[in-house]
Amino acid sequence: MPISAKNYRGRFAPSPTGSLHFGSLVAAVGSYLQANHQKGEWLLRIDDIDPPREQKGAADDILRTLEGFGFEWDDTVLYQSNRLERYQDAVHDLLKEQHAYPCSCSRQSIFKKTGQTKGEIIYPGFCRNGPLENRTQASDYSVRLRCSSDAIEFDDAIQGRQVFNLEKLSGDFILQRRDGYFSYHLASAIDDAEQQITEVVRGADLLSCTPSQLHVQHMLNLSSPYYCHLPIAVNEKGQKLSKQSHAKALDIKNSVVLLYKTLKFLGQMPPIELMKANQEEIWDWAMNHWQLDLIPKK
Ligand code: GLU
């Protein structure tokens, strides 16, 4: 991978919607060890731009948990809630350049018109040439980014060559919701570029978010990082670990065993004795033995 080791910058970007769980630990450990291996920096960003989904105290709890597991981050933590002006400026620029447009459609009206019934909406651009319905206030519109039918391609360090078509994946997607909140794609794309992240290492559940984020960066003339999507941790029912699937919160008291399990999950073959090691010893082993090539795709 043509990233100069000297400039490598990785990051971990949890959303404060609840406590960290094993799935979060996989992303944290993977991005941390990859940055360490490249002798780069590892930054921490708190994705707190969706207050209705957030849990009070979760951001502090996340920082305490990471500290308790022995992670050390560079720089001060970036809180996305401190970046709202930047996101608003970006939306204004994209509107001015007509890369984005105001949209009056509600989720329900899109479902009705397209026959889609559930899940992520594929928006076919009803309001591209002007909002279909006149609303009384500017705040009654969401803002969508135009996408084209051109394929978006990138090489993922673990998942290999990826080709996506945004028209089929999501259609023109939301940058700013009607309630004024900014989308994850917009905020993440801007912050990854402006924090000069060279490689994003995260769970493969976010693989299909990558083309949208690349598109935002492209439309804002920002640079794009490389991507590396780790296998997803699932529970016995095969569901992705998450707050919705009631994933257990990480317990600092079990940090060594959990780190051992994470290394194993990431294909790193830690020797069994490490289960009884102390935290420093397991991190030492992990840093000296990290091999991206061993990580399974799934
Ligand atoms: N904040 C996102 C999440 O917790 C992840 C962001 C990212 O790694 O791009 O799912």
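Start at 1 with the first residue, then count along the sequence. Remember, it's 1-based here, ligands and their atoms both numbered in the order they're listed.
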Apart from F111 itself, its cluster of hydrophobic side chains linked below 4.5 Å comprises Y101, I110, I121, Y123, F126, L132

Just distance, no hydrogens or angles: give the donor-acceptor pairs under 3.5 Å from side chains in residues 267-276, sequence neighbours left out.
from: Q268; atom 1: OE1; to: Q291; atom 2: N; distance (Å): 2.8
from: Q268; atom 1: NE2; to: L266; atom 2: O; distance (Å): 2.9
from: Q268; atom 1: NE2; to: Q291; atom 2: O; distance (Å): 2.9

Checking T210 against R202: is there a side-chain donor and acceptor pair closer than 3.5 Å? yes

For residues 81-95, the salt bridge (Lys or Arg N to Asp or Glu O under 4.0 Å) pairs (sequence neighbours left out) are R83-D191, R83-E194, R86-E194

Side chains of S224 and Q217: donor-acceptor distance under 3.5 Å anywhere?
-> yes

Quiz prompt | Side-chain donor-acceptor contact under 3.5 Å, Q88 with Q176 | solution = yes

Below 3.5 Å only, please: the N or O atoms of ligand 1 paired with protein N or O atoms, distance on each line.
from: ligand 1; atom 1: 1 (N); to: A13; atom 2: O; distance (Å): 2.7
from: ligand 1; atom 1: 1 (N); to: S15; atom 2: OG; distance (Å): 2.8
from: ligand 1; atom 1: 1 (N); to: D47; atom 2: OD2; distance (Å): 2.7
from: ligand 1; atom 1: 4 (O); to: S15; atom 2: N; distance (Å): 3.3
from: ligand 1; atom 1: 4 (O); to: S15; atom 2: OG; distance (Å): 3.2
from: ligand 1; atom 1: 8 (O); to: R11; atom 2: NH1; distance (Å): 2.6
from: ligand 1; atom 1: 9 (O); to: R11; atom 2: NH1; distance (Å): 3.4
from: ligand 1; atom 1: 9 (O); to: R11; atom 2: NH2; distance (Å): 2.8
from: ligand 1; atom 1: 9 (O); to: Y184; atom 2: OH; distance (Å): 2.7
from: ligand 1; atom 1: 9 (O); to: R202; atom 2: NH1; distance (Å): 2.8

